[in-house]
Amino acid sequence: MNNKVEYSKKNPISIKNEDFFNKVYQIVRQIPYGKVTTYGIIAETAGMKSSARMVGWALNAAAYDKTMPCHRVVNRNGELTGKMYFATPTLMRELLENEGVVFIGDRVDLKKYLWKPR
DNA sequence: CGGGTGACTTTAC
DNA sequence: CGTAAAGCCACCC
């Protein structure tokens with residue numbers, strides 16, 4: 001659908017791997033309210049299980065897209081590693097708590113809130 | 001082609 | 001819980 005979309009306004013990068021991007025987009029948008037998933041799962045579903053970093057990279061490039069609930073994407077431990085990339089360092093957590101997600105320290109309880117794409 | 005970087009993961013100490 | 005290192009793949013210079 002989208003080719004060469006300006007995924008990042010500040011830093012418009014040329015998207016060469018559109019297929020991977022598209023899948024990440026699709027998966028992230030499917031995350032239900034009050035649920036979270038991990039970079040590794042997204043990477044695996046998108047066909048690059050060995051490169052969870054690419055997921056973070058993709059999300060960063062698409063961070064300005066409001067239709068993408070990137071706050072529902074956490075790392076393997078349930079930590080909000082990308083919180084510093086939000087408007088404020090606390091915004092990510094607040095968004096999740098507002099959806100009913102309970103934190104244990106700085107982590108999400110993945111046993112209860114982990115969602116896997118099908 | 002090489003070097004640097006990264007919203008990751010895993011293992012090791 | 002902390003840091004280190006290796007593996008990983010794509011982007012940029």
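So you know, we letter chains A, B, ... as the sequences are listed, proteins then strands, and number each from 1. Any value given below was found using the heavy atoms of this structure, including those in side chains, with hydrogens, waters and symmetry copies removed.
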Value in whole Å for how far the [atom2] atom of [N] lies from [atom1] of [X]:
X: A/W57; N: B/dT9; atom1: CH2; atom2: P; answer: 17 Å
X: A/N60; N: C/dC11; atom1: CG; atom2: P; answer: 14 Å
X: A/Y39; N: B/dG6; atom1: OH; atom2: C1'; answer: 11 Å

Is it the case that one hydrophobic cluster holds both [X] and [Y], taking links as side-chain heavy atoms less than 4.5 Å apart, direct or via other members?
X: A/V36; Y: A/L95; answer: yes
X: A/M54; Y: A/I41; answer: no
X: A/L91; Y: A/V101; answer: yes
X: A/F21; Y: A/I31; answer: yes

Worksheet item: Looking across every strand, which nucleic acid part, if any, lies under 4.0 Å from A/R107 by heavy atom: base, sugar-phosphate, or nothing?
Response: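 Sugar-phosphate only.
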
Item to complete: Give a yes/no answer on whether the side chain of A/R76 brings an N or O atom under 4.0 Å of OP1 or OP2 in B/dT11.
Response: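 Looking at the OP1 and OP2 atoms of B/dT11, neither is under 4.0 Å from any side-chain N or O of A/R76.
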
Discussion item. If you apply the rule salt bridge (charged side-chain N to carboxylate O under 4.0 Å, His left out), what do you find for A/E99 with A/K35, and how did you get there?
Written reply: CA-CA 8 Å; A/E99 296 183 357; A/K35 292 283 184 178; over 6 Å; no

Worksheet item: Is A/R93 positioned over the aromatic face of A/F103, cation under 6.0 angstrom from the ring centre and no more than 45 degrees off axis?
Response: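 That pair qualifies as a cation-pi contact.
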
Worksheet entry | Near-strand residues of residues 108-118 of chain A, defined as heavy-atom separation under 4.0 angstrom from DNA chain B |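 Listed by number, there are none.
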
Worksheet item: Counting heavy atoms not belonging to A/D106, are there more than 12 under 6.0 Å from its CG?
Response: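 At most 12 heavy atoms, drawn from other residues, nucleotides or ligands, come within 6.0 Å of this atom.
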
What protein N or O atoms touch nucleotides 4-9 of chain C N or O atoms at under 3.5 angstrom, if any, and at what distances?
| from | atom 1 | to | atom 2 | distance (Å) |
| --- | --- | --- | --- | --- |
| C/dG7 | O6 | A/R53 | NH1 | 3.4 |
| C/dG7 | O6 | A/R53 | NH2 | 2.7 |
| C/dC9 | O4' | A/S51 | OG | 2.6 |

Worksheet item: Side-chain donor-acceptor pair under 3.5 Å between A/R72 and A/T37, yes or no?
Response: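 No donor-acceptor contact under 3.5 Å links the two side chains.
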
